[in-house]
Protein chains: 2
Amino acid sequence: MQKEELERLRHSLSHIMALAVKEIWPQAKLGIGPAIDNGFYYDFDLSDVDSRKDGFIPEDLKKIEKKMKEIVKKDMKFKKINLSIDEAIEKEKERGEIYKVELLNEIKNEGEKEVSYYQLGSLQDLCRGPHLESSGEVDLKSFKLDKLAGAYWQGDEKNKMLARIYGFAFNNKKDLDYHLEMLEEAKLRDHRKIAKEMDFFSVSDKVGPGLILWHPKLSKIREVLETWWRKIHRENEYDYIYTPHLGKSVLWQESGHLDYFKDSMYPPLIDKESKDEYYVKPMSCPFHVEIYKSKKRSYRDLPLRWNELGTCYRYEKSGEIHGLARPRGFTQDDAHIICTRDQFKDEYRKVVEMTMEVLAVFGFTDLKYYLALRGSDEKEKYVGDSDVWDEAEKVIKEILDEKKIDYEIEEGGAKFYGPSLDIKIMDAIGREWQCPTIQLDMNLPSKFGMTYIGPSGKEEVPIMVHRTIFGSLERFCTILIEHYAGDFPLWLAPTQIKILSLSESQIEYCHKIKKEFLLNDLRAEVDDSNETINNKIRKASQEKVAYTLVIGDKEIDSGTLSVREKGVKELKKIDKDDFIQEVKRKIKNFQ
Amino acid sequence: MQKEELERLRHSLSHIMALAVKEIWPQAKLGIGPAIDNGFYYDFDLSDVDSRKDGFIPEDLKKIEKKMKEIVKKDMKFKKINLSIDEAIEKEKERGEIYKVELLNEIKNEGEKEVSYYQLGSLQDLCRGPHLESSGEVDLKSFKLDKLAGAYWQGDEKNKMLARIYGFAFNNKKDLDYHLEMLEEAKLRDHRKIAKEMDFFSVSDKVGPGLILWHPKLSKIREVLETWWRKIHRENEYDYIYTPHLGKSVLWQESGHLDYFKDSMYPPLIDKESKDEYYVKPMSCPFHVEIYKSKKRSYRDLPLRWNELGTCYRYEKSGEIHGLARPRGFTQDDAHIICTRDQFKDEYRKVVEMTMEVLAVFGFTDLKYYLALRGSDEKEKYVGDSDVWDEAEKVIKEILDEKKIDYEIEEGGAKFYGPSLDIKIMDAIGREWQCPTIQLDMNLPSKFGMTYIGPSGKEEVPIMVHRTIFGSLERFCTILIEHYAGDFPLWLAPTQIKILSLSESQIEYCHKIKKEFLLNDLRAEVDDSNETINNKIRKASQEKVAYTLVIGDKEIDSGTLSVREKGVKELKKIDKDDFIQEVKRKIKNFQ
């Protein structure tokens, strides 16, 4: 089913729900009821409904759903009616629909003379449409009311809070069931749930909201990611740099952050001696610019590719902080490429290719590309030479076309400093996450007066590309936790090998071979608890450890190991050194 | 010559200098004149010396030195005289020596009745001694005046600034010459000089004083150090963790930092919403404590060994900031060991051993150990159980004795939270640097209410050890830069291999093999400039690159390399893959 058809279905269901609610509680006043991703909602003002003054109760969902099904079964027509705007206002006033009156007055102010209504049974609702021909077209088993929520009228917290009902709607039962199943799966995979079970991270009131304390297990995953990320960048001829977390206000003034980004920054601290204001960095770019400017550059030095795992701080609103997924402190896998106009196409292409290669390692090959351009209006909103913009936009499109990459264009969505390519990845249960972003910057180089001596001896201004692949270690680890549901591939797993002692007399040997694994850069853990061996095996299996070794006297005497591999039924007998080599071989590309 | 004898010589030279100054400028008033490391100084008040009201001039050093030599040649006796304190005060008043009067009054207030003087020629100077028998014992070529400086009387900036003259003094000419040579050498090795030549780091006014921007070459050294440091810690069963750079004031209040350490911290920033104060961290410990406390711990979980390369910020006074050696932002190679009282000795020993092993890799085997204890007085200055202190001090001494480590005890030098073992390393030119510190903490565990369930089911308080080996990456890199004078060992060198193109036609191949080296985790650079090959070779040799490869057509055709190795005269022909394996083998222990 096409996107438009699905939207029509969902929108029609929102009308069906409104009719159902009005039939049960005629005093309910209507807000708005659009189609949304996966379904629809409608907002109601219940202040005149005596029995529901405090809002709907959870049991109402069943009741409304039942009424909706009756409406579907009655196969009622959606009938379009055109009314003059004044007639419409008069009618809505009569019906006491104060929100519709407000909407109509807004429409009138915009100069409209006529509006369209859709009639379904007794419900005449202001609506552009389109709708189904008839309620009977809805598959009875393809929709389901989801949940109740509060929502301010017109999204403005100064307005009244209305009662919102969300519903899911799909083309058929199968799609609905799949969606519900994925939701269940998502709950199970919620990174906060898994993180708690696996002791991955914590947040402390004493430290502050959104400031993550990484515990050893998740730190291991992060370390492995970082090590591999650095290696890939070295191989791709990037140079790693380190920059501080504090910078004076003059830096953020010059970069434009204090003009455009201040709300997202922590407030400043004030130097005791000099009275200078210092900000914790929300981005690392101005520091990279300062390094660039620390000496004269020539065209022969370009391109420069500088990467940094830069920990940044952004003042997310407290209501928007969400576990590891949206913290206030996060480490960007940042890089800046500084190059000449001639080198730009090549460099940009390499960034796109590297991004694809990195993501593919995690199985993220189903990528969606969104290219945000200046669009045709308001060119004055954007800094930098207009012809550089034109050329850059053209070059980026060429690269994507050459690589046969499908992309959506967002006209007018560019950053003020340049066009931006945002890439969304799809995880194991079909959810989209935005991680990589590749942004051309035509602001900082000129604002900071970055130059290089060109081949002719003349000073020129370089082009700068900002990019991140993971987005942040926090965000990417969130995705990995949910994507793998805690069942990490061998190279990433915090514990690769679990060593179980059969009885107390093997404990020492277990620790001895653990140390041997460590010296081979393998991550091993000993379970020397008093549990039975079966319980230990069960626990290791719940923890999804790749290799479980049971150590009895036989193993000690023979120097061989009994290896239980995740997903493999048979126990394997293998010489200890061969085992070490086998595991090392499997992960060697990531070290 | 014994330390005491050398001190007597230096102290005597300070009297000889005072006499020389008084003979030239009789109106000069005396401050104090002690022996110090490498020599001596004396402070003078010149306000009554008409020709030197603004202080000595550089040429005076020669003049004074000449006069001192005359005094030495005259072989004048040092004669001890005892005076009653009141008589001494009277005499100094007569002589107009107001500083001596002040000192004598202080001595009198302490209850002393008598003081000793030493007479040398016309100079009677208040002094405990001891001194040489006679000025003639001084070797004429064993001392040298060094420099002029200003110094507040009694070190208090509210007092008058006196004119200080520093001198070097050794047992003989050879020792003096060696010291002067080392000083020259130290100037050449000054990390700021080398760092500028090698483009290692910069500091920007816009970022702020003491906030280091690490450029690619020094970042490479840091990366290698960090990678190896992490590996060693993994092998020694430490778990790496990551913690934020900001924490609320309640955290620093509880940890004691706001009471004891606030002056060394940046001022706070104030949360817009909650009005909470946040500090950038001066240490990572409280965060590690919060991770510890994020769940219930059992004795079975201990010992915990957590390491972190934690970037901390301390508000060094602007006059004390010194390049990379003393910045405001620095990354500690931090670790905390949390263990039971039973495990303490073993854990502490392992920390000492690991510290020695790490330092030995850089050739730092000549270590000086300083053990700071509570001392017998003022036990109330220290937190924690007195018997735990006693035991801990005993155990630490036992460990050092068992390992046959010589150490100096500093009675009363302990931190308020526990005894501290500070280790100084000696660099290639004999300078001492304090880097590692191992500190027992009997404060945080109880202050933060850290507990674990002991074997009996009772809650117990763990012991915590803070330690750092490098001190900080900034400090340790400073030392390495000066220690190696920029000539880094292969595993640390920012560039290991330099590839020189003979002419333009080999440039592409040069970059191709550079990439091959990179893929083998070797750090290579291409010099494809228009310089002559001899100039390129000279440049690579100045940069102290370990391997220099000249690439001509012959090398391309044959697939072999002509390798010029640092310190080796002969060119070596070697197959490319063999060369890669050879270099990899040499550095494999550090990867």
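By convention in this document, chain letters (A, B, ...) are assigned in the order of the sequence lines, proteins followed by strands, and residues within each chain are numbered from 1.
For A:P268, the part sitting under 4.5 Å from any heavy atom of chain B is the backbone (N, CA, C, O) and nothing else. Of the atoms belonging to B:T311, it is side-chain heavy atoms, and not backbone ones, that fall under 4.5 Å from chain A. B:F517 does not touch chain A: none of its heavy atoms, backbone or side chain, sits under 4.5 Å away. Heavy atoms closer than 4.5 Å to chain A are found in both the backbone and the side chain of B:L519. Both the backbone and the side chain of B:L211 come within contact range of chain A, judged by heavy atoms closer than 4.5 Å. Contact of B:P209 with chain A is made through backbone and side chain together, with heavy-atom distances under 4.5 Å. Looking at B:N520, there are no atoms closer than 4.5 Å to chain A (heavy atoms on both sides), in backbone or side chain. Contact of B:Y279 with chain A is not made at all, since no heavy-atom distance falls under 4.5 Å. Looking at A:V203, there are no atoms closer than 4.5 Å to chain B (heavy atoms on both sides), in backbone or side chain. Contact of B:R234 with chain A is made through backbone and side chain together, with heavy-atom distances under 4.5 Å. Contact annotation for B:W252: neither backbone nor side-chain heavy atoms come within less than 4.5 Å of a heavy atom of chain A. Both the backbone and the side chain of B:N236 come within contact range of chain A, judged by heavy atoms closer than 4.5 Å. Interface remark: B:E254 contributes side-chain atoms only to the contact with chain A (heavy atom separation under 4.5 Å). With a threshold of 4.5 angstrom between heavy atoms, B:F201 does not approach chain A through any atom at all. Heavy-atom distances place the side chain of B:R328, and not its backbone, under 4.5 Å from chain A. Of the two parts of B:K272, the backbone and the side chain both hold a non-hydrogen atom closer than 4.5 Å to a non-hydrogen atom of chain A.
The candidate from B:R300, B:Q253, B:K248 with the greatest count of non-hydrogen atom pairs under 4.5 Å with chain A is B:K248. When each of A:T243, A:I291, A:V280, A:D205 is checked for heavy-atom pairs under 4.5 Å with chain B, A:I291 comes out on top. When each of B:E277, B:R523, B:R222 is checked for heavy-atom pairs under 4.5 Å with chain A, B:R222 comes out on top. When A:D199, A:V250, A:L213, A:L251 are compared by the number of non-hydrogen pairs under 4.5 Å with chain B, A:L213 comes out ahead. Ranked by heavy-atom pairs shorter than 4.5 Å toward chain A, the options B:E308, B:K231, B:K295 are led by B:K295. When B:Y266, B:Y313, B:Y278 are compared by the number of non-hydrogen pairs under 4.5 Å with chain A, B:Y313 comes out ahead. For the set A:S274, A:S294, A:P286, A:S202, the count of heavy-atom pairs under 4.5 angstrom toward chain B peaks at A:S294. Most heavy-atom pairs under 4.5 Å with chain B: of the set A:K220, A:E223, A:E290, this distinction falls to A:E223. When the candidates A:P216, A:S529, A:G329, A:S249 are compared by the number of heavy-atom contacts under 4.5 Å with chain B, A:P216 comes out ahead. Of all the listed residues (B:H245, B:E235, B:H288, B:K515), the one sharing the greatest number of non-hydrogen pairs under 4.5 Å with chain A is B:H245.
Judged by the 6.0 Å and 45° rule, B:R475 forms no cation-pi pair with B:F470. Stacking of A:K281 on the aromatic ring of A:F287 is recorded, both the 6.0 Å distance cut-off and the 45° axial limit being met.
Side-chain atoms of B:Y315 and A:D271 form a donor-acceptor pair, as typed in the model, at a separation below 3.5 Å. Side-chain atoms of A:E226 and B:Y242 include a donor-acceptor pair closer than 3.5 Å. Side-chain N/O atoms of B:T227 and A:R230 include no donor and acceptor closer than 3.5 Å.
In summary, A:E525 and A:K217 engage in a salt bridge, as defined by a charged side-chain N under 4.0 Å from a carboxylate O. With salt bridges taken as basic N to acidic carboxylate O contacts below 4.0 Å, none links A:E508 and A:K512. Electrostatic pairing of B:K317 and A:E273 does not count as a salt bridge here, judged by no charged N lying under 4.0 Å from a carboxylate O.
Among B:H511, B:K514, B:K536, the one residue that satisfies the side chain to side chain donor-acceptor pair (under 3.5 Å) test with B:D528 is B:H511.
Residues B:C477 and B:L324 share a closest heavy-atom pair of CB-CD2, 4.1 Å. The heavy-atom pair separating A:S472 from A:D333 by the smallest distance is N-OD1, 4.2 Å.
For the pair B:K293 (side chain) and B:F448 (backbone), a donor-acceptor distance under 3.5 Å is present.
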**Q.** Test log, rule salt bridge (Lys or Arg N to Asp or Glu O under 4.0 Å), inputs A:D239 and A:R305
**A.** CA-CA 6 Å; A:D239 287 313; A:R305 303 180 199 94; over 6 Å; no
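Within a 6.0 Å sphere centred on NZ of A:K584, other residues, nucleotides and ligands contribute more than 12 heavy atoms.
Below 30°, between 30° and 60°, or above 60°: for A:F261 and A:H257 the angle between ring planes is above 60°, a perpendicular geometry.
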